[in-house]
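Presented below is the structure to which this report refers.
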Amino acid sequence: EPEVTQTPSHQVTQMGQEVILRCVPISNHLYFYWYRQILGQKVEFLVSFYNNEISEKSEIFDDQFSVERPDGSNFTLKIRSTKLEDSAMYFCASRGQGGQNYGYTFGSGTRLTVV
Amino acid sequence: SQKIEQNSEALNIQEGKTATLTCNYTNYSPAYLQWYRQDPGRGPVFLLLIRENEKEKRKERLKVTFDTTLKQSLFHITASQPADSATYLCVGTGGFKTIFGAGTRLFVKA
């Protein structure tokens, strides 16, 4: 069964450093998403991406965040200057053309720890 | 504010019984609701999707209902098994906006 692949599985970074979280969505999917989940809390929407541009973003997704689809297969989330409160699981998800009939396929996540 | 609310208390049931999980939404009219399973440290796994014009949908031992009058969805697992123990997330989508519930933890005892 097709999977969404995320790397790395765990990233530790110093406060103020930049991190790039990587995702390979399912190849024929068209809609891409980043979510985060702080330990013990609910999944929160960050950003959606369609047709090579951001279609929606939440209030969490401020200027320190950016997304890219650099080469038609990877989908990256960059956090420019990490803060302690950015520590969370970050999930990438994708869905196909018939999106309203199917759910999202999530990756296994990247656990980001900012120290 | 727009909310998806699920029981925060864990649900404990005996193996073989039917588990019923509740999802309520407020200040919101989702075009469809999705249910996901999430195990600790893992990403959510899609289970079922039901649209606002559908009353009920089934998949194997799973059943989901959508009551737009009560603004509620019920998720049922029949003949529950210990392997069904997990957190179940209700997710509402309207337009491009998707809202996750906090999830209900289900424990199925053998």
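We name chains A, B, ... by the order of the sequence lines, and we start the count at 1 in each one. Heavy-atom basis, side chains included; hydrogens, waters and symmetry copies ignored.
- Annotation: residues 99-110 of chain B contacts chain A through B:Phe100, B:Gly101, B:Ala102 [non-hydrogen atoms, separation under 4.5 Å].
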Can you give the donor-acceptor pairs under 3.5 Å from side chains of residues 107-115 of chain A to other protein atoms, not counting sequence neighbours?
unit_1   : atom_1 : unit_2  : atom_2 : d
A:Thr110 : OG1    : A:Pro8  : O      : 2.5
A:Thr113 : OG1    : A:His10 : NE2    : 3.2

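- For A:Glu18, the CD atom is densely surrounded, since the number of other residues' heavy atoms within 6.0 Å is greater than 12.
- In the displayed structure, A:Leu84 atom CG is contacted under 6.0 Å by more than 12 heavy atoms of other residues, nucleotides or ligands.
- Surrounding CD of A:Glu85 are more than 12 heavy atoms belonging to other residues, nucleotides or ligands, all under 6.0 Å away.
- Note that CG of B:Leu89 is 7.5 Å distant from CD of A:Gln37, once rounded to the nearest 0.5 Å.
- The environment of A:Asp62 atom CG is dense: over 12 non-hydrogen atoms of other residues, nucleotides or ligands sit within 6.0 angstrom.
- For CD of B:Gln14, the number of neighbouring non-hydrogen atoms (other residues, nucleotides, ligands) closer than 6.0 Å is greater than 12.
- Side-chain contact of B:Thr98 with A:Tyr104: a donor-acceptor pair under 3.5 Å is present, judged by distance alone.
- Identified under the disulfide bond (SG atoms under 2.5 Å apart) test for residues 9-76 of chain A, with sequence neighbours left out: A:Cys23-A:Cys92.
- For the disulfide bond (SG atoms under 2.5 Å apart) condition, no pair includes a residue of residues 24-88 of chain B, sequence neighbours left out.
- A:Phe91 has its side chain within reach of B:Gln38: a pair of non-hydrogen atoms, C-beta onward, lies under 4.5 Å apart.
- If you tally non-hydrogen atom pairs under 4.5 Å between each of A:Met89, A:Lys42, A:Gln6, A:Glu44 and chain B, the highest count goes to A:Lys42.
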